[in-house]
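So the structure is just underneath, and the comments pick up after that.
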Amino acid sequence: MDFSTHIGSLGGVGKKRCESFYNLGIKTVEDLLYHFPRAYQNRGNVLSLAMTPDGTVGSFMLTVATKPQTFMLKNRKQITKFVAFDDSGKCTITFFNQPFVKDIFHVGDEFRFYGKLSVKYNARELSSPVYEPVLPGKKLKELIPVYPLTDGLSQNFIKSVTETAFNSLVWEGYDFPEIFTADTLEKMGLMSLKDALCEIHFPTDIERVKKARERFVFEELYAFALGLSISKKREKQGNAIVMSDTDISGFLSILPYSLTKAQDRSVREIINDMSESSGRPMNRLLSGDVGSGKTVCAALSLYVAVKNNTQGAFMAPTEILATQHYNELSPMFEKLGIKTALITGATSASEKRRIYDGVAVGDIKVIIGTHALLNDKLEFDRLGLVITDEQHRFGVRQRSVLAEKTRDDGYDAHVLVMTATPIPRTLAMIIYGDLDISALDELPPGRKPVDTFLVDEGYRERLNGFIRKNAEKNQVYIVCPMVDEGDSEEEALLPFDFTADDVEINNKPKLRSAVALAEHLKNEVFPDIPIGLIHGKMKSSEKDRVMRDFEQNKIKILVSTTVIEVGVNVPNAVLMVIENAERFGLSQLHQLRGRVGRGADKSYCVLVSSSDKEKARQRLSVMCSTNDGYKIAQADLEQRGPGDFFPDSKGDARQSGGMRFRFASLCDMAMLKKAFDEAERVLSNDRTLSLPENRGANRYMQRLFFRLRNT
Ligand code: ADP
Ligand code: MG
C-alpha cells in the first residue's frame, strides 16, 4: 500500500462507500489521510454532575446505580432508563429504541459518558450519550476526532478505515512523501509528515494537534509560495526599452516640496526597473494609502520615460480623476518642455483627432486619460511606460491592452499600476503574484488624522448644526449609498472591499438617496448655503462643472454618491458625512474619509448608521479608532477573510469562490511570510525543483495549483 492506493481496495470499502468517499473528494489513501477531522471532542476533561450547568456538552465518569428498565412510549418508541452517579450527584441516563443496552450497563460498573447534560429542577439527564467502559489497565482516549461526513459514511467507519490505512503504511515501513527537506523541518520546527498525520488522526494532546496542523498549514503555504515564485521567475524576461538616463533632478527642482522617504525609495525602485540592462520590462505595483502621494511618483516615472525618448500613458478610472491628474501634472510638464494631453469620453472628436496625430508623431509625450486611451485609433510613436491609477478598477485585460500597444514594434512597455486600496503587503504579494511591489507606507508631513465619529439618527439635529458650522468656514461632503429613491444600490462597492453582508435584510434602515437628500437639504435645512449634487448618472460635462464649482469653493456642501471616492483632491473640504455607513465596506469608508484631511484645517468624518446590529457597529467602530488604511484592511481581512481580495479569472476582484486553501488561512501573515522566505531559499538552490529532495514539494505544488485553479 502507498499514498496512491485506491480507496476501494481498503477493507470494507465497497462500491457504495466508494461513491460516498468520492463525494468527499477522496479517491486515494493520500486523500483519506488528508481528510482531517473538523473538530475534536475533548472527552478527557471530566465534569462533575453537580457543578455542570444545563446544556453543557462534556464527559462524565459515572457508576451505574440501578438496573436499566425499558418502557414503551405512546408513540411506540422504546425508552431505556437507569440512574448513574459520581461523587457530586446522580443523573438519569436514557436511550431510545436501544433496549439491548440493558445488557451493557450493570450496577456497579463505571463508564465514561459523553453528551449534553440537561438539568431541570435539579433532575439531571443525559440522553443517548456516547459511552465507553472504564476498565482497569486501559487508558481511555481523551481527544476524539470528529470527521466531516457525507451520506453513507459514519464517524466510526471513517475512523476505522483511516486507522487501518495508516497502520498498514507504518507496518509496511512506507516512506511518507515528505515535501520538506530535513533542513527545513528542523529549521522551522515542523513535525514530520508521518508524525503529523498520526497526531491529526490519533490525537494525544491538543497542543500537539495544533503543532501538527501548523505543519499542514505551512506545507500548503510553502507549496503556494513555490508556485508563485516559479511563475514569477518565468516572466522575468522580455524586451523593453532600457531607460539609462535616470536623472530626475530636473523635475525635483520644480516640485514645491521634497519627497518623503517612502516616495524616494519607491521612485528609485521604479527607475531601477526601467533602467535594468537586461531589458526585462517593469511590472510593478505601487501601493499607498490615500494621500500618500502616488501621483508625483507617477509623474517622476513619466519624466524618466520622456527623458529616454519614449512616451508615457497614464490611465485613471474616472473622468474626474483623469482630469485632476492632468490639471496637476501638465503645468509641471509644460514647464519642462514636455507636451501633455488629456483624453476622456468628453473630449471632442476634433480635439481627439489632433491628439491622435500628436501622439502618433511623437510630439505629445505624455498622455493622460480614461478608458478612452484604449481606443484603437490611439497609436504611439514610441510608448515606453504605461501607468494605471487605482488599477483594481480595471480588469486585468484592460490593463494589458494598453501595454500591448507596443507589441507591433517588437518591444514591451514598462508597466506601473497604482492602488490606494491598502492590501496587507503579504496578501498583495499573492494577489499580484506577477508584480513587484513598492509601498508608500508613510504620509507627507503635516497630515493630521481625521477625527471620526459613529452616530445614529438621534444625532441628526446636532449633525446638521455641525455641517452648517463647517460649511460656513470650509466645505463639506455628504455621501449616500444610492442615487435616487427606489434605485438599487449605486455604483458598485470597491472591488477589493467587503460588502456589508451583515446588514439586516428585513429591518433595513431606510437608505438615503443623494437626489432626495440634496433636495431636502436645499429646501428645508440649509436654504442659505450653496449645495451641489454629483452622482454617476449625470453627464460627464455636468459632473465636471459641479466638481469645478466645488474646487473653486462655489459649492459649500457637496451631496454625492461614491463617485467622489477615489483620488479627488479638494483640500478645503474638512467634513465627510457618510449616510447609511453600514452599507459600505471598511476599505471604502477609508477611501471616502481620505477626501478630507488634505488641507491645513482640522478635519472630521461622521459615519451615520442606524443599524442596530452589533456586528455592523463593531465593524464601523474600527474607523473611529484608526486612520491607518493598512490596519483597516487588516481588520477587514480578519473579520471577513481574504476571499474577497482575490481577483477571479475575469480579472474582476469582487467575487471569487476559488483560491480556497484547505488548511491555511491567509490571515496568518507571519506564517505566509515565512513560507515565502523558505520558498525563495529553496528555489535559489534548485530553480526547477528537480533535486530528489524537492520532488515531493514539486508534486504537491502541481496538485495544489491544479486544485486552486479548478475550484
Ligand atoms: P494619492 O496617493 O492618494 O494619489 P496624491 O498623489 O493625490 O495622493 O497626493 C495627495 C496630496 O499630497 C497632493 O496634494 C500632493 O500634492 C501632496 N503631496 C504629495 N507628496 C508630497 C510630499 N512629499 N510632501 C508634501 N505634499 C505632498
Ligand atoms: Mg491618487
Side-chain angles (χ1 to χ4, degrees), residues 256-257 289-293 320-321 324 327-328 443-480 512 514-535 543-581 584 589-609 620 623-627:
Y257 48 77
D289 206 346
V290 186
S292 56
I320 294 178
L321 212 49
Q324 192 178 286
N327 291 340
E328 186 177 345
L443 296 180
R447 291 282 156 79
K448 293 179 209 80
V450 178
D451 282 354
T452 303
F453 307 96
L454 175 59
V455 305
D456 60 25
E457 274 314 311
Y459 285 75
R460 186 59 69 186
E461 213 140 293
R462 280 166 67 186
L463 177 56
N464 284 340
F466 193 54
I467 292 173
R468 173 177 289 281
K469 199 174 120 205
N470 281 286
E472 277 166 359
K473 201 159 155 269
N474 299 89
Q475 285 166 283
V476 178
Y477 292 102
I478 303 178
V479 176
C480 300
R512 290 269 175 177
V515 173
L517 184 63
E519 275 310 298
H520 170 71
L521 295 179
K522 256 185 226 168
N523 297 334
E524 285 157 55
V525 191
F526 309 116
D528 52 326
I529 299 178
I531 294 177
L533 170 67
I534 189 166
H535 58 71
K543 276 194 280 188
D544 277 354
R545 186 182 46 72
V546 175
M547 249 359 261
R548 217 170 312 121
D549 287 352
F550 191 62
E551 267 170 15
Q552 293 170 5
N553 204 359
K554 289 182 197 154
I555 291 174
K556 288 297 198 170
I557 299 174
L558 182 60
V559 180
S560 127
T561 57
T562 50
V563 281
I564 52 108
E565 152 204 314
V566 273
V568 173
N569 191 17
V570 179
N572 189 45
V574 295
L575 172 59
M576 165 64 68
V577 178
I578 303 172
E579 299 285 345
N580 299 106
F584 299 90
L589 291 172
H590 180 67
Q591 283 284 337
L592 289 168
R593 178 168 63 183
R595 301 306 108 220
V596 297
R598 298 183 155 239
D601 296 309
K602 176 81 195 150
S603 291
Y604 304 91
C605 174
V606 179
L607 307 174
V608 186
S609 174
L620 292 175
M623 295 295 297
C624 306
S625 62
T626 180
N627 268 273

Contact summary for Val479 and Phe584, nearest pair of heavy atoms: CG1-CZ, 4.3 Å
Residues Cys480 and Glu579: closest non-hydrogen pair is SG-CG, 4.2 Å
Indicate the atoms forming the closest heavy-atom contact of Thr452 with Arg593, along with that distance. OG1-NH1, 2.8 Å
Return yes if some donor-acceptor pair links the side-chain N/O of Lys448 with the main-chain N/O of Ala600 below 3.5 Å, else return no. yes
Find out whether Ile320 and Ile534 are in side-chain contact, i.e. whether some heavy atom of one side chain is under 4.5 Å from a heavy atom of the other. yes
Passes side-chain contact (heavy atoms from CB on, under 4.5 Å), Asp528 versus Arg468? Steps please. CA-CA 10 Å; Asp528 52 326; Arg468 173 177 289 281; 2.9 Å; yes
To the nearest 0.5 Å, tell me how far Leu589 CG sits from Thr562 OG1. 11.0 Å
Distance in Å, Met547 CE paired with Ile555 CD1, rounded so as to fall on 0.5 Å steps: 8.5 Å
Just verifying a value: how many Å separate Lys473 NZ and Leu575 CG, rounded to the nearest 0.5 Å? 12.0 Å
For the backbone of Val450 and the side chain of Asn627, can you confirm whether one donor and one acceptor N or O come within less than 3.5 Å of each other? yes
Can you see which heavy atom on Ala581 is nearest to which on Leu607, and at what distance? CB-CB, 3.8 Å
Would you say that more than 12 heavy atoms from the other residues, nucleotides or ligands in this model lie under 6.0 Å from the CD of Glu461, or not? no
I'd like to know if the side chain of Lys469 and the backbone of Asn464 have a donor-acceptor N/O pair within less than 3.5 Å. no
If I compare all heavy atoms of Ala518 with all of Leu533, which pair ends up nearest, and what's the gap? CB-CD1, 4.1 Å
Would you call the rings of Tyr604 and Phe466 parallel, tilted or perpendicular, where under 30° means parallel and over 60° means perpendicular? perpendicular
State the CD-CZ distance between Gln475 and Arg595, to the nearest 0.5 angstrom. 14.5 Å
Before you tell me yes or no, could you show the steps for Arg548 and Glu551 under salt bridge (charged side-chain N to carboxylate O under 4.0 Å, His left out), namely the whole-Å CA-CA distance, both residues' side-chain angles and the distance that decides it to 0.1 Å? CA-CA 5 Å; Arg548 217 170 312 121; Glu551 267 170 15; over 6 Å; no
Positive for side chain to side chain contact (heavy atoms under 4.5 Å, CB included) with Tyr477, one of Val596, Val577, Ile557: Val596
Do Ile467 and Ile529 come close enough that some side-chain heavy atom pair is under 4.5 Å? no
So which heavy atom on Lys556 is nearest to which on Ala471, and how close? CD-O, 3.3 Å
Tell me whether the count of non-hydrogen atoms from other residues, nucleotides or ligands lying under 6.0 Å of CZ in Arg460 goes above 12. yes
From Asn580 atom CG to Ser609 atom OG, the distance as rounded to the nearest 0.5 Å: 7.5 Å
Any Met623 side-chain heavy atom under 4.5 Å of Leu454 side chain: no
Starting at CG of Asn474, measure out to OG of Ser603 and round the result to the nearest 0.5 Å. 7.5 Å
